[in-house]
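Since the structure comes first, as structure tokens, the remarks are kept for the end.
In the text below, chain A, chain B and the rest are named by the order of the sequence lines, each starting its count at 1.
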Amino acid sequence: MTTVVFTEKNKAAAQISTILSGGSAKRSIVDGVSVYEFQRDGSLWKIMGLAGHIMGYDYPEEFNNWRDVDPAVLLDTDPVKQINKASFGSAILKISKGADLLVLACDFDREGENIGFEAKSIAEKVCNSTVKRARFSSLSKSEIEKAFNDLVEPDENMAMSAEARQILDLKMGASFTRFVTLSVRERARTKGVLSIGPCQTPTCGFVYERELAIRKFDPRDFWKIEGVFTGKGADITGVHRGGHIYDKEKADAIFKKLKGCKTAVISKKTVKEMNTNPPFPLNTNEFLKRASKYLGVSPDQALEIAEQLYLSGFTSYPRTETNMYADDMDFASILKGFTKGDYQDFALLLLSQKAIVPRNGKKDGHDHPPIHPIKAGSRMEVERAVKMPRAWDVYDLIVRHFIANLLPPAIFEKTRFEITMVDELFDSTGSIQNNAGWLAVYPFEKPQDKILPELDLGEILDVKKVTNIKAQTTPPKRLTEAELLTLMDKHGIGTKATAPSHIETNKKRGYFEVKGKTIAILDTGFTLMDALNSSVSILVKPDIRSSIESLIQDVEDGTKKFELALEEGTSLIKGMYSQLLSNRDLMVTRIAGTITDEAVETDKKNHIGKCSECERVLHIITTDKGRFVGCTGYPQCKNTFPLPKTGALAVQRSRTCKKGGAAVLKVGSKYFWAVGIGPCFSCDMEKECYPPEVVGACPACDGQTFLITTKDSRFLGCTKRCGHTQSVPKNGRLTITDKVCGGCGWRWLRVKEQGKDAKEYCANRKCEVAAQMRSSYRKK
DNA sequence: GCAAGGTC
């Protein structure tokens, strides 16, 4: 009798083999895939680990040419499932031949069930055996043995629900992406793909919604009354209990009443001890959020580093929903590794305790334990094993979080004074950390102590100052990556393993970018979301994911047939598609416009600036007949300006025309030209715009020395034309710096020749400092 | 060249 077992990954196969064989399993390689073999209960067992999905859906070959196939056709075409990891396919065939029992032992979730069925569908080509399912939530000995002693039936509904998701995701993604991309390409020159998907689009939608809120925000004035009081020689600031007062008259009335008042009294005093609990153990989502918030490491990068740390044996498996430890978790043996080095004080403290108790969360994904260190490593060891920037920081975060979770709460003493002035109340609060607890090992969250003076109830205070401050409400802030991950998690967008990839997709498509820790939407992303929002608003919201999710949940529950769910899902997508189709023109015009504008703006050589007649962009257009400045809004916008016929044009970014020209261009090396106005030398404001570049007082008269640039030379001359001249270096770019020479009071020159370091020295050749500097450069 | 989901 032969039993063949499939697990989701090699690690599980190895672990399960060890448990079921009592350590006697032998590993062999079949087509590059590890297989563990052993005898058990008089039967031969072969256990093979897959690599997640080994099959995937795609459209048949003849649908691959975007231009030949109407995207709508994809909605009526069924994609086909194919093996996309060939070595696994052939290995399954080899080991399954003649098997008497197949056991699917992938992760106990929807995708796991589906992955098991992928292996089953391949194996069944060469054997006709019973198929069973082993269900376990952890790789512990007791659970694995129990699962293999109580094999159950595979859950076809569960597997098929994942199947439905794959098909619907692909149908929607492929048809919408092709439709939008091809439509926009009719009007804008771009090679880029404008993708749409049930996870990536709502992810961008969150960023878009926040951007809308920021743009729509209308600031409101408010007034805030504050008092500064003195008691026992110390100052104490109180804020009027009215907080933000939006009514100016009301604020003025209170302020007027308090004016001239000399004393106030402490009318209430409370001192409370407050605990701040340590954080829950890290699941993937929480880990990614904290890596972004504390370290500024992107979720994508953080997951990759955690993966490498895991493969190097430093930390546990990084993809888990669970934020609570199992009862038999052995904290002590992990902590023993940390009794030397950076964390030794904390490790020793915990090991000296009778019991080590984590502060557990409530999420149990029945998958893997929370992310925690497996072995201790020094910075050098970690960096040698994981060659990625910030690897150590990520490891340090995981270790500190692990230890923090086991330490006692931080204790604060929070003091609150109520101060009464006439009959108006002010509040003042402060807190002092009495016991750092877990915060001692967790420098990422450092609460600030605010110490209040020791005052008693009934104490009379002198009023030092009362202010009525006008302020304005501030717009909402841009989302951080950590906040975006929270939103995605809350709305069920993506999974623990895929959330970072949806963020990456949006970055790659040029929909948004990350600036520091916050996410800024880009024009393409905003216009696309805006267009979708006004035609198929469900796409921009998390609803699209949840409506597909509820369909496939019904399949999993057995309340809806797979075929019916596909049909309903497809018609849902078709409905959205036709809405998109009916808004095509508007959508295309707007997106194509934005893409053109963006392309023009990044074409620095020809980009002039914003159009004065419309919302679009001016740029230099060169045709075989000549050149001129035109607008991207053409033909609706006919705003144009002439340009000189000859001479190389260079847009002067730092110069603006005082007469209101659209931009200033340098023509050849000869003269300047203001777009819309004409050559600067014919302008009556030329002297103001191009004042002489003075370097210092003329040594021969009371004039000033300035830089004179002609067609073929440059030198220093006098503003009073007294005849005094000096030479300047012939080669290189010359700038007059702000630096003033200590020797003669002239300005310093900066000379930068191509391929050489810039030199800086005093402009005055007769100055001693300059002579010294020049000779020192020569020596070099 | 399109999606999202596993894992390496």
Side-chain angles (χ1 to χ4, degrees), chain A residues 6-13 32-34 49-61 63-69 71-75 77 79 81 84-85 87-88 106-119 159 161-183 185 190-204 284 303-304 306-312 317-320 367-368 488 492-506 508-509 539 544-545 548-549 552 569 573 577:
Chain A
F6 297 108
T7 68
E8 190 151 324
K9 48 192 159 280
N10 178 54
K11 192 192 165 216
V33 182
S34 295
L50 307 171
H53 286 285
I54 54 171
M55 300 177 92
Y57 274 98
D58 212 342
Y59 282 100
E61 181 84 41
F63 295 89
N64 281 349
N65 190 321
W66 291 27
R67 296 233 161 252
D68 294 346
V69 181
V73 170
L74 300 177
L75 297 172
T77 307
K81 199 166 195 185
N84 53 22
K85 282 176 187 139
S87 57
F88 285 93
C106 296
D107 292 358
F108 180 26
D109 55 28
R110 190 186 279 161
E111 295 300 328
E113 200 71 30
N114 187 273
I115 292 164
F117 270 70
E118 288 175 7
S161 72
E163 209 76 2
R165 178 203 53 76
Q166 292 172 29
I167 296 171
L168 292 173
D169 283 353
L170 179 61
K171 275 196 172 184
M172 178 187 152
S175 59
F176 284 38
T177 299
R178 289 192 196 182
F179 173 74
V180 176
T181 304
L182 293 175
S183 305
R185 277 190 202 165
T190 167
K191 284 185 200 148
V193 168
L194 291 163
S195 66
I196 285 173
C199 285
Q200 56 172 275
T201 304
T203 299
C204 193
T284 307
L303 192 57
E304 180 59 31
E307 174 79 29
Q308 295 300 323
L309 287 170
Y310 157 68
L311 291 172
S312 322
Y317 189 71
R319 283 176 281 270
T320 175
D367 43 8
H368 300 272
M488 292 171 74
I493 303 294
T495 67
K496 58 188 188 260
T498 62
S501 79
H502 300 312
I503 297 180
E504 284 308 302
T505 304
N506 279 291
K508 192 174 107 195
R509 297 283 183 232
L539 264 177
I544 176 62
R545 184 87 225 148
I548 293 179
E549 174 63 29
I552 63 175
I573 297 169
Y577 191 88

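Note: CD (A:E304) to P (B:dT7) measures 14 Å, nearest angstrom. A:F179 places its CZ atom 18 Å from the C1' atom of B:dG1, with the value rounded to the nearest Å. Rounded to whole Å, the distance from CD1 on A:I167 to C1' on B:dA4 is 13 Å. Rounded to whole Å, the distance from NZ on A:K9 to C1' on B:dT7 is 8 Å. What separates CD1 of A:I54 from P of B:dA4 is a distance of 22 Å, to the nearest Å. Rounded to whole angstrom, the span from the CD atom of A:E118 across to the P atom of B:dG5 amounts to 15 Å. Put simply, CG on A:N64 is 14 Å from P on B:dA3, counting in whole angstrom units. Separating the CD1 atom of A:I544 from the P atom of B:dA4 is a distance of 11 Å, rounded to the nearest angstrom.
In this structure, the nucleotide among B:dG5, B:dC2, B:dG1 sitting nearest to the side chain of A:T495 is B:dG5. Among the nucleotides B:dT7, B:dG5, B:dA3, the one closest to any side-chain atom of A:T177 is B:dA3. Nearest to the side-chain atoms of A:T498 among the listed nucleotides B:dT7, B:dG5, B:dG1 stands B:dG5. Of all nucleotides listed (B:dG1, B:dC8, B:dA3), B:dA3 comes nearest to the side chain of A:D169. Ranking B:dT7, B:dG1, B:dC8 by closeness to the A:L311 side chain, first place goes to B:dC8.
In terms of phosphate contacts, A:S175 brings no side-chain nitrogen or oxygen within less than 4.0 Å of OP1 or OP2 of B:dC2. Using a 4.0 Å cut-off, some side-chain N or O of A:R509 falls inside it from OP1 or OP2 of B:dC2. Close to B:dA3, at under 4.0 Å from its OP1 or OP2, lies no side-chain N or O of A:H502. Residue A:R319 places at least one side-chain N or O under 4.0 Å from the OP1 or OP2 atom of B:dT7.
Residue A:G494 is classed as a sugar-phosphate contact, given heavy-atom separations below 4.0 Å to backbone atoms only. Among the atoms of the strands shown, none is found under 4.0 Å from any heavy atom of A:L50. Among the protein residues, A:Y317 comes within range of the sugar-phosphate backbone only, with heavy atoms under 4.0 Å from sugar or phosphate atoms but none that close to a base. Heavy atoms of A:Q200 sit under 4.0 angstrom from primed sugar atoms or phosphate atoms, though from no base atom. Using a 4.0 Å heavy-atom criterion, one finds that A:F176 contacts no nucleic acid atom at all. Within 4.0 Å of A:P71, counting heavy atoms only, lies no atom of the nucleic acid at all. No engagement by A:L168 is indicated, since no non-hydrogen atom pair under 4.0 Å with the nucleic acid exists.
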Exercise. Where do A:T495 and A:T498 land on the side-chain hydrogen bond (donor to acceptor under 3.5 Å, both in side chains) test, with the steps shown first?
Worked result: CA-CA 5 Å; A:T495 67; A:T498 62; 3.2 Å; yes
For this session: In sequence, state the C-alpha distance, the side-chain angles, and the governing distance for A:N114 and A:R165, and then conclude on side-chain contact (heavy atoms from CB on, under 4.5 Å).
Result: CA-CA 11 Å; A:N114 187 273; A:R165 178 203 53 76; over 6 Å; no
Problem set entry | A:E163/A:E118 under side-chain contact (heavy atoms from CB on, under 4.5 Å): CA gap, chis, key distance, verdict | CA-CA 10 Å; A:E163 209 76 2; A:E118 288 175 7; 5.7 Å; no
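The shortest distance between side-chain heavy atoms of A:I544 and A:T201 does not fall below 4.5 Å.
Between A:T177 and the options A:L74, A:L194, A:V193, a side chain to side chain contact (heavy atoms under 4.5 Å, CB included) holds for only A:V193.
Along DNA chain B, the nucleotide nearest to A:D107 and the one nearest to A:V193 differ in position, and the one closer to the 5' end is contacted by A:V193. Residues A:T505 and A:K496 each lie close to DNA chain B; by heavy-atom proximity, the contact nearer the 5' end of the strand is made by A:T505.
The cationic group of A:K11 does not satisfy the cation-pi geometry with A:Y310, failing either the under 6.0 Å distance to the six-membered ring centre or the 45° limit from the ring axis.
Counting atom types as modelled, A:D58 pairs a side-chain N or O with a base atom of B:dC2 as donor and acceptor under 3.5 Å.
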